[in-house]
Amino acid sequence: MELVLFYNITGDKAAQLRSLCEDMKMLCRDVMPFEFGNRLEDVIAGRACQPCGAPVLFSDEMLVFVGVENGKLFDFLDKFAKRGISPVPLKAVATENNVKWTSAELRDELEREHRMMSGRS
């Protein structure tokens with residue numbers, strides 16, 4: 001299963017990304033804010049539920065690729081740019097390690113990496 005999870009992506013950008021996913025025969029799904037505190041593996045499996053305690057929210061746009069081979073991922077990113085879709089700075093591939101994190105923890109790690117790579121540590 002090739003899946004792209006959308007976080008906080010709405011409007012025209014969401015429609016453009018859905019079209020790209022459809023053209024590339026990839027499933028896509030919006031992750032709802034109530035799911036942000038769930039482990040990524042539960043979100044992927046559709047087992048996410050309202051977590052106990054205070055909600056964990058963030059407003060950053062983020063894409064998570066699940067089961068997408070490198071070649072197809074690069075093709076997706078190339079088509080993303082060629083279609084003029086506005087950037088989504090936070091992107092990740094689901095791995096054996098990061099699927100144990102919550103979506104919010106993954107977002108925090110991606111933000112740290114993004115700051116380091118852009119020299120804003």
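Between Arg29 and Val43 there is a side-chain heavy-atom pair separated by less than 4.5 Å. Within the 4.5 Å cutoff, no side-chain heavy atoms of Val99 are placed close to those of Arg39. At a threshold of 4.5 Å between non-hydrogen side-chain atoms, the residues Arg83 and Gln16 do not count as touching. Taking 4.5 Å as the limit, every side-chain heavy atom of Phe80 sits out of range of all side-chain heavy atoms of Ser86. Residues Arg107 and Leu110 are not in side-chain contact: their nearest non-hydrogen atoms beyond the backbone lie 4.5 Å or more apart. Using a 4.5 Å cut-off on side-chain heavy atoms (C-beta onward), Cys28 and Glu22 make no contact. By the 4.5 Å heavy-atom criterion applied to side chains, Phe58 and Leu90 are not counted as neighbours. You'll find the side chain of Tyr7 stays beyond 4.5 Å of the side chain of Asp60, heavy atoms only.
A distance-only check finds a donor-acceptor pair linking the side chain of Asn98 to the backbone of Val93 [under 3.5 Å]. Checking side-chain atoms of Lys13 against main-chain N and O of Val88 turns up no donor-acceptor pair under 3.5 Å.
Met24 contributes atom CE, which lies 7.0 Å from atom CZ of Phe76 (distance to the nearest 0.5 angstrom). Distance check, rounded to the nearest 0.5 Å: CG of Asn38 to OG1 of Thr102 gives 8.5 Å. Taking CG of Leu77 as the reference point, atom NZ of Lys82 lies at 12.0 Å (rounded to 0.5 Å).
Counting heavy atoms of neighbouring residues, nucleotides and ligands inside a 6.0 Å radius, atom CD of Glu113 exceeds 12 of them. Atom CG of Asp12 sits in a sparse spot, with 12 or fewer heavy atoms from other residues, nucleotides or ligands closer than 6.0 Å.
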Candidate pair Glu109 and Arg112, rule salt bridge (charged side-chain N to carboxylate O under 4.0 Å, His left out), full reasoning: CA-CA 5 Å; Glu109 179 61 25; Arg112 275 191 292 279; 3.0 Å; yes
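Salt-bridge annotation for Glu41 and Lys100: present, with a side-chain N of the basic residue lying under 4.0 Å from a carboxylate O of the acidic one. Ion pair Arg18/Asp30 flagged as a salt bridge, since at least one NZ, NE, NH1 or NH2 atom sits closer than 4.0 Å to an Asp/Glu carboxylate oxygen.
When every heavy atom of Ala94 is checked against every heavy atom of Val66, the shortest pair comes out as CB-CG2, 4.0 Å.
In this structure, Leu73 is not a member of the same hydrophobic cluster as Leu3, with clusters built from ILVMFWY side-chain heavy atoms closer than 4.5 Å. In terms of hydrophobic clustering, with Ile, Leu, Val, Met, Phe, Trp and Tyr side chains grouped at heavy-atom distances under 4.5 Å, Val31 and Met62 are assigned to a common cluster. Cluster membership for Val68 and Met1, using ILVMFWY side-chain heavy atoms within less than 4.5 angstrom, is not shared.
Of the candidates Leu40, Asp108, Asp42, Val64, Leu40 is the only one forming a side chain to side chain contact (heavy atoms under 4.5 Å, CB included) with Ser103.
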